[in-house]
Amino acid sequence: MRQQTTRISPEDISRQLQYCREVAALSAARPAQPLAFVDTYGCQQNEADSERIRGYLREMGYGFTQDEEQAQIIVLNTCAIREHAEQRVLGNLGALVHVKRRHPEQIICVCGCMAQEAHVAEKIKQSFRHVDLVFGPHALWRFPEFIHTLLTQRGRVFQVAEEAGSISEGIPVVRQDRVKAWVSIMYGCNNFCSYCIVPYVRGRERSRRPEDILAEVEQLAAEGYRDITLLGQNVNSYGKDLEEPLDFADLLERVNAVPGDFLIRFMTSHPKDATQKLFETMARCGKVAPVLHLPFQAGNDRVLRAMNRHYDRAQYLAEVRRLKELIPDIVLTSDVIVGFPGETTEEFEETLSLLEQVRFDALFTFIFSPRVGTPAAQMDDPMPHQQKQANFQRLVDLQNQISAEKHAAYVGKTLRCLIDGDSGDARYPLAARTPGNRLVRLDGPAELIGQFRQVRITDANTWSLFGELAE
Ligand code: SAH
Ligand code: SF4
Ligand code: F3S
């Protein structure tokens, strides 16, 4: 059944901006500009959401700080993907009790994916009395209204109702970077991988209209952004809910046609929906960076079925082969879960052999973490944690060796790299990225940040490349 996406109307967003002006009028009465601290956990989607929260805060007259003692508003934009992520948030949130005791007028907000989990919202309601506002990703567009309510009526606000989700355009943004930008092209996920919480907290898949995405990219290109990442939990299913017959490859083609000197990246791609058309489009479009993040999660077919991933090992390997034929210098990265319930060490060894076959440039590795309400959390999980940890270490060691070998092969090459920031190391003060997004550290003046330069790679280790300006 086709599902209609709710689009938040421009009038609704105007009303939120009106709340911003009313809050700004309240703030103007203060002796100094009030400050806000937005603390972001989790993935790029959350980073992109935090840029909207900051956009609203700026409209409300707030400046920004990283110091919770200085902040009148503290926002924790949380992640629920693994237990460790949740514990970090709860630990930091607990510590804010003392900060708030020193600053009783402070407003403490919890939003993001954890806020959308019913048991977490309940725990905050009962045990974290210093938290004033809790709202899930679906209610982010109403943030100014919530702050207005808190400032004018006090009390606590909880806005965490479950819903399929909506799309709102026109929320102001304050971007964190002036070289790289995130552009969400879709929200939510329909895949229900059996271990994953995301579909429960982010709602159903919904695509932004291509004209809205293109307008945002045009503006970013005009402002001089050099690296634009299109975001979605599964960008390969972009467009399935749109009237217009348009898929992700078509969108990529249109973004590629936007004038300007910038690179296009995207994440994440689900292997079940990665098409030959997408690979051909990537190969053809000059601005699309030669890099693909294609999570495989496990190398064994039984485990992949239990994960509800809808592809098998042979299909995954065939995709990688086709991609490498079309784009020989493609940089491939992936996500892997170790210790999925019931995965035996023999099955895990197929994950290792897949690594050896594909030879990823880098890998994001995770130990399975049961998430409340997901099918995998109910599955028998007999392997002791110690064994999972040992398997995990074998995985990391193998990948480190592969990454080091792949990096070593760059030495002597000269590549067009984007100088994108500070490396924080006096010997190599600049950080740059190869076209395939590998980190290069080099010496040079800070004025180069934001420019593409030819860089000769002189050295490498497991985690990064080292280079020098070639001109
Ligand atoms: N939408 C993306 C991934 C989002 S979550 C995709 O489908 O590829 C990022 C990664 O976290 C996942 O790819 C997976 O490897 C890992 N992950 C998700 N749920 C997890 C869990 N319950 N335990 C351990 N790792 C998990
Ligand atoms: Fe989670 Fe799977 Fe959706 Fe990725 S595709 S967000 S792993 S359910
Ligand atoms: Fe975490 Fe939510 Fe992203 S659970 S990984 S912040 S979509």
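Order of appearance sets the numbers: ligands from 1, and atoms from 1 within every ligand. Counting begins at 1 with the first residue of the sequence.
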Notebook entry, point to check: With a 4.0 Å cut-off on heavy atoms, does Ile367 reach ligand 1?
Noted result: yes
Notebook entry, point to check: Is it true that Glu349 and Arg394 make a salt bridge, defined as a side-chain N closer than 4.0 Å to a carboxylate O?
Noted result: yes
Checklist line | Sub-4.0 Å heavy-atom contact, Arg309 with ligand 2 | finding: yes
Item checked: Contact partition for Cys79 relative to ligand 3, non-hydrogen atoms under 4.0 Å -> both
Checklist line | Option set Gln233, Gln116, Glu117, Gln45, criterion heavy-atom distance to atom 7 (S) of ligand 3, minimum | finding: Gln233
Check: Would you say Cys43 reaches atom 2 (Fe) of ligand 3 with an N/O/S atom under 2.8 Å?
Finding: no
Checklist line | Arg309 to ligand 1, any heavy atom closer than 4.0 Å | finding: yes
Checklist line | Any N or O of Gln297 closer than 3.5 Å to N or O of ligand 1 | finding: yes
Item checked: atom 2 (Fe) of ligand 3 - nearest protein heavy atom and its distance -> Cys113 SG, 2.2 Å
Notebook entry, point to check: Heavy-atom distance to atom 25 (N) of ligand 1: which of Arg82, Gln45, His270 wins?
Noted result: Arg82
Margin query: I want to confirm something. Looking only at heavy atoms, which of Ala377, Ser369, Cys196, Pro271 is nearest to atom 21 (C) of ligand 1?
Written below: Ser369
Next item on the list: Examine all N, O or S atoms of Cys193, backbone included, and report whether one is under 2.8 Å from atom 3 (Fe) of ligand 2.
Entry: no
Next item on the list: Would you please determine whether Ala80 falls within less than 4.0 Å of ligand 3 on a heavy-atom basis?
Entry: yes
